[in-house]
J.: 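So that we are looking at the same thing, I have put the structure below in structure tokens.
The chains referred to below are lettered A, B, ... by the order of the sequence lines, with proteins before strands, and numbering in each begins at 1. Atoms considered below: every heavy atom in the structure, side chains included; atoms not considered: hydrogens, waters and symmetry mates.
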There are 2 protein chains.
Amino acid sequence: MADKRYRIGEFSKLVGLSTYTLRYYEDQGLILSQRDDNGVRYYVEEDIRWVGFILHLKGTGMQLNDLKRYVKLRAEGDTTIAERRQLLQRVKDNAEAEIAEQQMHLKVLGHKIDWYDGKTAHTIDDSESFHDYLQRFQD
Amino acid sequence: MADKRYRIGEFSKLVGLSTYTLRYYEDQGLILSQRDDNGVRYYVEEDIRWVGFILHLKGTGMQLNDLKRYVKLRAEGDTTIAERRQLLQRVKDNAEAEIAEQQMHLKVLGHKIDWYDGKTAHTIDDSESFHDYLQRFQD
DNA sequence: AAACACCTTAGAGTGCACTCTAAGGCAAGC
DNA sequence: GCTTGCCTTAGAGTGCACTCTAAGGTGTTT
């Protein structure tokens with residue numbers, strides 16, 4: 001159970017990445033795989049967690065380049081922990097800034113939808129443009 | 001003042017899009033421009049607001065295709081308001097879902113950073129893996 | 001014996017949204 | 001009269017992250 005081996009096809013379904021992508025990531029140094037006596041790749045439980053973690057990082061918007069750098073640092077051992085932390089912090093700050101921006105844009109989009117609703121329900125004067133309407137929400 | 005004309009170079013700086021992109025957007029039907037007697041493009045105040053609005057939509061992750069469709073509907077007049085509202089609502093829901101997902105990923109990233117800090121400060125046991133550590137936060 | 005899942009290297013293709021070049025030309029300002 | 005800023009069409013190039021094909025191979029299963 002602890003040493004169940006997954007070949008690439010099975011693993012692919014497990015982690016939700018195509019076999020192409022798995023080989024590509026391995027090529028890029030993001031993933032390691034072991035090989036059986038015939039040279040066929042296999043993965044173990046720990047690899048599922050590792051890919052899962054990578055996907056969390058990717059999901060924050062971290063790019064392959066940074067991911068590669070992170071993995072390289074990791075391979076260099078404990079001396080690079082500070083640098084890794086810093087890299088992740090930068091990624092986190094970036095992601096948070098992007099989200100904040102998106103939310104700002106979403107706010108306007110929300111107002112536009114409300115404006116449509118107001119026009120449809122005639123609770124907003126016909127003569128009021130969206131631009132004028134928006135002014136109401138400038139803090 | 002109300003009818004100040006901006007040629008593409010000036011307008012470009014004003015809205016933060018390259019002249020290439022402005023012509024591209026016009027090509028794609030997202031922006032309109034007027035022409036002077038020599039056939040030279042010019043924009044007015046209202047165009048600044050329009051581009052601003054487009055950029056808000058883009059900023060939520062709305063793709064050019066949807067943007068084109070939106071603009072096309074707009075050109076068709078008031079009868080398409082319901083459809084436009086629906087399109088924007090879909091874009092909004094999408095964006096919100098994406099943000100929620102990103103925030104979920106960010107949470108893990110945050111835990112990882114905390115884990116590094118714990119390791120560095122020795123407030124997390126040397127033997128505790130990140131995976132084990134993460135379990136603490138499963139709700 | 002054929003089908004299936006895997007292996008390799010190398011390179012081409014995809015989708016998106018630009019971004020830029022080429023190669024021609026016009027009009028205004030110094 | 002030359003530079004600068006603009007115009008056109010058409011098409012090539014960029015960056016990112018895959019995604020797939022080609023063309024060869026091995027080993028297991030039916």
Side-chain angles (χ1 to χ4, degrees), chain A residues 4-44 47 51 53-72 91 94-95 98 101-102 105, chain B residues 4-44 47 51 53-72 91 94-95 98 101-102 105:
Chain A
K4 160 98 166 97
R5 295 178 174 191
Y6 304 95
R7 287 170 59 161
I8 199 168
E10 198 182 353
F11 191 65
S12 162
K13 282 162 200 156
L14 232 49
V15 299
L17 292 175
S18 73
T19 58
Y20 298 130
T21 304
L22 286 170
R23 290 198 199 93
Y24 172 66
Y25 278 6
E26 185 170 329
D27 229 65
Q28 301 298 304
L30 302 187
I31 305 180
L32 285 177
S33 64
Q34 290 166 275
R35 302 301 177 110
D36 68 15
D37 292 346
N38 293 312
V40 172
R41 274 178 193 82
Y42 69 85
Y43 305 87
V44 295
D47 297 316
V51 171
F53 180 57
I54 278 189
L55 292 181
H56 279 309
L57 294 185
K58 278 223 75 207
T60 65
M62 190 172 180
Q63 280 163 283
L64 282 215
N65 257 12
D66 279 337
L67 222 20
K68 282 186 210 175
R69 196 168 142 243
Y70 177 74
V71 173
K72 211 185 128 224
V91 168
N94 255 229
E98 257 168 51
E101 227 188 281
Q102 254 179 285
H105 294 306
Chain B
K4 160 100 166 101
R5 296 177 172 192
Y6 305 95
R7 289 170 59 161
I8 199 168
E10 198 182 352
F11 191 66
S12 161
K13 280 162 201 156
L14 232 47
V15 299
L17 292 175
S18 73
T19 58
Y20 297 131
T21 303
L22 286 170
R23 290 198 199 94
Y24 172 68
Y25 278 6
E26 186 170 329
D27 228 68
Q28 301 298 305
L30 302 186
I31 305 179
L32 285 177
S33 65
Q34 290 167 273
R35 303 301 177 108
D36 67 16
D37 292 345
N38 294 313
V40 172
R41 273 178 193 81
Y42 69 84
Y43 305 87
V44 296
D47 298 316
V51 172
F53 180 57
I54 277 189
L55 292 181
H56 280 308
L57 294 185
K58 279 225 73 209
T60 66
M62 191 173 180
Q63 279 162 285
L64 282 215
N65 257 12
D66 279 337
L67 221 20
K68 282 185 209 175
R69 195 168 143 242
Y70 176 74
V71 173
K72 211 185 127 223
V91 168
N94 255 229
E98 257 169 50
E101 227 189 281
Q102 252 180 287
H105 293 308

J.: Look at the side-chain N and O atoms of A/R35 and state whether any lies under 4.0 Å from the OP1 or OP2 oxygen of C/dT8.
T.: yes
J.: Mind listing the residues from residues 24-32 of chain A sitting with a heavy atom below 4.0 Å of DNA chain D? Number order is fine.
T.: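 DNA chain D contact set from residues 24-32 of chain A: A/Y24, A/Y25.
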J.: Only pairs at least two apart or in different chains count here, so list each salt bridge (Lys or Arg N to Asp or Glu O under 4.0 Å) that has a residue in residues 6-17 of chain A.
T.: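 As it turns out, the salt bridge (Lys or Arg N to Asp or Glu O under 4.0 Å) pairs with a partner in residues 6-17 of chain A, which skip direct neighbours, are A/K4-A/E10.
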J.: Just do the side-chain contact (heavy atoms from CB on, under 4.5 Å) check on A/V91 and A/T60 with the steps written out, would you?
T.: CA-CA 8 Å; A/V91 168; A/T60 65; 3.5 Å; yes
J.: Starting from the C-alpha separation in whole Å, work towards a yes-or-no answer on side-chain contact (heavy atoms from CB on, under 4.5 Å) for B/L64 and B/K58.
T.: CA-CA 8 Å; B/L64 282 215; B/K58 279 225 73 209; 4.0 Å; yes
J.: Would you say that A/V51 contacts A/Y43 through its side chain, given a criterion of any heavy-atom pair below 4.5 Å between the two side chains?
T.: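 SC-SC contact between A/V51 and A/Y43 ruled out.
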J.: With a strict under 4.0 Å distance from non-hydrogen atoms of chain B, what nucleotide opens and what nucleotide closes the contacted stretch of DNA chain D, reading 5' to 3'?
T.: D/dC6 to D/dT8
J.: Quick one: do A/I54 and A/L67 satisfy side-chain contact (heavy atoms from CB on, under 4.5 Å)? Show the steps, please.
T.: CA-CA 8 Å; A/I54 278 189; A/L67 222 20; 4.3 Å; yes
J.: Should A/H105 and A/E101 be marked as a side-chain contact (heavy atoms from CB on, under 4.5 Å) after you check the CA-CA gap, both sets of side-chain angles, and the distance that decides it?
T.: CA-CA 6 Å; A/H105 294 306; A/E101 227 188 281; 3.7 Å; yes
J.: Is there any salt bridge (Lys or Arg N to Asp or Glu O under 4.0 Å) pair reaching into residues 25-39 of chain B, and which pairs are they, with sequence neighbours excluded?
T.: B/E26-B/R35, B/E26-B/R41
J.: For the side chain of B/S33 and the backbone of B/Y42, is there at least one donor-acceptor N/O pair under 3.5 Å apart?
T.: no
J.: At a heavy-atom distance below 4.0 Å, what parts of residues 62-71 of chain B sit against DNA chain C?
T.: B/Q63, B/L64
J.: If you count heavy atoms of other groups shown closer than 6.0 angstrom to NZ of B/K72, is the number above 12?
T.: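 No - once you tally the heavy atoms of other residues, nucleotides and ligands closer than 6.0 Å, there are 12 at most.
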J.: Starting at atom CG of B/N38, determine the distance to atom C1' of C/dG25, rounded to an integer number of angstrom.
T.: 13 Å
J.: Expressed as a whole number of angstroms, how long is the span from A/Q34:CD to C/dC6:C1'?
T.: 17 Å
J.: Listed by chain and number, what are the side-chain contact (heavy atoms from CB on, under 4.5 Å) partners of A/R69, not counting sequence neighbours?
T.: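 Here the qualifying residues are A/L73, A/E83, A/L87, A/R90.
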J.: Measure CZ/B/R7 against C1'/C/dC26 and give the value in whole Å, please.
T.: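 Rounded to whole Å, this separation is 11 Å.
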